[in-house]
Student: 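Quick one: this structure, given as structure tokens, is what I'll be asking you about.
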Amino acid sequence: MSDTERLDPPDRSTPSFGWALVITSVAGFMAALDNLVVTTALPSIRQSLGGALSDLEWTVSAYTLTFAVLLMFGAALGDRFGRRKMFLIGISIFTVASAAAALSSGIGALIAARAVQGMGGAIMMPLTLTLLTAAAPKEKRGMAFGIWGAANGLAVACGPLIGGSLTQHISWHWIFWLNVPLGLLLLPLARLKLRESTAPNARLDFVGTAQISLGLFGIVYALVSTNDHGWTSTRVLAGLIGGAVLVAAFVRHGFTAERPMVPMRMFANRGFAATNATSTLMYVGMFGSIFLLSQFMQTVTGYGPTEAGLRMLPWTGMPMIVAPIAGVLADRIGGRVVVAVGLGLQAVGLGWFAAIVATDVSYAAQLPALIISGIGMGLFFAPSSALLMGSVRESEQGIASGTNNALREVGGALGIAVLGSIFASQGGYRSATDFVNGLTPALWVGTAVLAVGTVAALFNPTRRALAATAAAGSLTVREQREPAEPVNAAH
């Protein structure tokens, strides 16, 4: 915690570390779960509410996009107005929006509720780590972050299974109702068991937030609209051009503003730029593919939502097993190699799937592709985070983490839009054959994106270069602290 931060004095309601860990882990689980819980429910939502492919894309992307572009703004709101206060507001928005999504009687209302959910999640999620850090003793922070991260990983792994089970055995509405009792339970606990803190000098970057939010919305809106209106339509061209102009303005703002949301100078750091590029590309390939494959397992192969969720586990659940091994490997041979291998395996797995996908393909034929992709994803996460944190100064790690998380979510929204557009241009929902005709080229594009990500990972500095940089940094610090020795001292 910086010297400028203010921490309210403890009182009888001041939390124990255990309570803070439980509250922040459950909140993180809720926000992470909503990234993938919808995927296996999409066919049921389509049957219940109607809507075209573009509507299904927005059902997922409305959450991921608002979550991504408001993530760092949400953290700044907590710094400025009080982290516990904004955490409570974030939970409240998320819970109310979840109830609205569950009560939706039309696809438009569901998309709007999902967008508001993303806003609540963007306020709530970054503050979970800040509040947990404030409550955890230094000697227990490693354990605390591990448990918090495991809760998030469990949400990603179980998202398709939980969504499928609730959809099949109760109703798709319950994938959203699930959040309501959790949110109502967290509100009083967070109010009583978390301590308030602020950073009084924090500033809110309204200009940067507006530029990136509207810019990314325009680009994703244009990509989704190509399904119905074509690439040369006015709305598609206006969205692409207008969005690109606003994103360019955001980049310029990051160079010129006094305290921008994302300081663009950080991207001059080779490791920071390479890690963010690989994260974005990985999510483009992964999210776009899961969006389509979860529907393939139900629409074409005939599995129920629960069966589809279970059959996705070799992919989505594998990181829970592989991630600890990836950490050990990264310590021994370097994170750069492990991340590149992870992305390469994901490309191989997705390419395998694209090669064998057919209307009558068996699950046994799909299983190797799912396992390889899951191992690749598990090799990516922990070493990628370590590379990111190691590429910046300690004082910039908060901004670096927020930027990386936001770019991952943006990658997910772009992946769904891009692969969905390819799917719609080559196939559709008219028949199983039509679905496979659209799915195959979309998966090949996802494979190509992951292959490019593999190459981008190799631009991370080597272990030797990082060690040399660290040594130079230590030398610089030592030279600044110790008086220079006279040139002729040795004579």
Side-chain angles (χ1 to χ4, degrees), residues 36 39-40 42-43 53 56-57 160 227 278 280-303 307-319 321-322 338-380 411-412 414-458:
L36 287 177
T39 54
T40 43
L42 288 172
L53 172 65
L56 295 184
E57 291 174 13
N227 302 338
T278 55
T280 304
L281 291 167
M282 197 278 279
Y283 269 65
V284 169
M286 182 191 75
F287 257 79
S289 301
I290 290 178
F291 171 77
L292 293 171
L293 287 173
S294 60
Q295 296 182 71
F296 167 78
M297 287 191 173
Q298 297 177 67
T299 304
V300 177
T301 60
Y303 298 125
E307 294 173 309
L310 280 169
R311 283 165 172 78
M312 291 291 286
L313 277 177
W315 187 354
T316 60
M318 190 62 70
I321 301 171
V322 176
V338 178
V339 167
V341 171
L343 281 161
L345 286 176
Q346 289 182 73
V348 170
L350 201 56
W352 185 317
F353 218 119
I356 59 97
V357 69
T359 56
D360 58 349
V361 64
S362 67
Y363 182 68
Q366 301 172 44
L367 191 57
L370 294 169
I371 292 173
I372 292 170
S373 297
I375 292 172
M377 196 181 347
L379 289 174
F380 175 86
L414 289 174
I416 290 170
V418 171
L419 269 62
S421 175
I422 294 166
F423 168 82
S425 68
Q426 301 296 317
Y429 293 102
R430 290 177 291 274
S431 66
T433 300
D434 201 39
F435 193 101
V436 170
N437 288 340
L439 176 63
T440 303
L443 292 180
W444 280 121
V445 170
T447 301
V449 169
L450 291 169
V452 173
T454 304
V455 175
L458 296 175

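When a residue number appears, it is its place in the shown sequence, counting from 1. Only a predicted model underlies this, so the values are computations on that prediction, with no experimental measurement involved.
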Student: Taking the side chain as C-beta and beyond, is there a heavy-atom pair between Val338 and Val341 under 4.5 Å?
Tutor: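 Not in contact.
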Student: Roughly how far apart are Leu414 CG and Thr280 OG1, rounded to 0.5 Å?
Tutor: 8.5 Å
Student: Given Val436 and Phe296, is the side-chain contact (heavy atoms from CB on, under 4.5 Å) satisfied, shown in steps?
Tutor: CA-CA 8 Å; Val436 170; Phe296 167 78; 4.0 Å; yes
Student: Are the side chain of Ser421 and the backbone of Ala417 linked by a donor-acceptor contact shorter than 3.5 Å?
Tutor: no
Student: For the side chain of Ser425 and the backbone of Ile422, is there at least one donor-acceptor N/O pair under 3.5 Å apart?
Tutor: yes
Student: Quick check for you: to the nearest 0.5 Å, what is the distance between Gln295 atom CD and Ile290 atom CD1?
Tutor: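 That separation rounds to 12.5 Å.
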Student: Indicate the atoms forming the closest heavy-atom contact of Ile356 with Ala365, along with that distance.
Tutor: CD1-O, 3.9 Å
Student: Does the side chain of Ile416 reach to within under 4.5 Å of the side chain of Leu56, using non-hydrogen atoms?
Tutor: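 No. Closest side-chain heavy atoms not under 4.5 Å.
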Student: Any idea which heavy atoms bring Ile375 and Val322 closest together, and the distance?
Tutor: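 Distance-wise, the nearest heavy atoms are O-CG1, 3.8 Å.
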Student: Looking at every heavy atom in both Leu281 and Leu450, which two are closest together, and how far apart are they?
Tutor: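 Shortest heavy-atom contact: O-CD2, 4.1 Å.
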Student: At what distance, to the nearest 0.5 angstrom, does CD1 of Ile372 lie from CD of Gln346?
Tutor: 11.5 Å
Student: Which pair of heavy atoms, one from Tyr363 and one from Tyr303, lies closest together, and at what distance?
Tutor: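 Closest pair (atom of Tyr363, atom of Tyr303, distance): CB-OH, 3.3 Å.
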Student: Rounded at 0.5 Å granularity, tell me how far CG in Asp434 sits from OG1 in Thr359.
Tutor: 12.0 Å
Student: Would the distance check show the side chain of Gln298 and the main-chain N or O of Thr40 forming a donor-acceptor pair, the cut-off being under 3.5 Å?
Tutor: yes
Student: Does the side chain of Trp352 come within less than 4.5 Å of Ile371's, by heavy atoms?
Tutor: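 A side-chain contact under 4.5 Å is absent here.
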Student: Rounded to the nearest 0.5 Å, what's the gap from OG1 on Thr454 to CE on Met282? Could you check?
Tutor: 11.0 Å
Student: Report the C-alpha separation of Leu293 and Leu443 in whole Å, then their side-chain angles, then the decisive distance to 0.1 Å, and conclude whether the side-chain contact (heavy atoms from CB on, under 4.5 Å) test is met.
Tutor: CA-CA 9 Å; Leu293 287 173; Leu443 292 180; 4.1 Å; yes
Student: Measuring only between side-chain heavy atoms, which start at C-beta, is Gln366 closer than 4.5 Å to Arg311?
Tutor: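 No - every pair of side-chain heavy atoms lies 4.5 Å or more apart.
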Student: Within this structure, what is the CG-CH2 distance for the pair Leu367 and Trp315, rounded to the nearest 0.5 Å?
Tutor: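 CH2 of Trp315 is found 13.0 Å from CG of Leu367.
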Student: With no hydrogens and no angle check, is any side-chain donor or acceptor of Asn437 less than 3.5 Å from a backbone partner on Gly427?
Tutor: no
Student: Determine, step by step, whether Leu419 and Phe291 satisfy the side-chain contact (heavy atoms from CB on, under 4.5 Å) criterion, reporting the C-alpha distance in whole Å, the side-chain angles of both residues, the deciding distance to 0.1 Å, and the verdict.
Tutor: CA-CA 9 Å; Leu419 269 62; Phe291 171 77; over 6 Å; no
Student: Identify the two heavy atoms, one from Gly376 and one from Leu345, that lie closest to each other, and give their separation to 0.1 Å.
Tutor: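 Taking every non-hydrogen atom into account, CA-CB, 3.8 Å.
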Student: If you look at every heavy atom in Val361 and Thr301, which pair is closest and at what distance?
Tutor: O-CG2, 4.4 Å
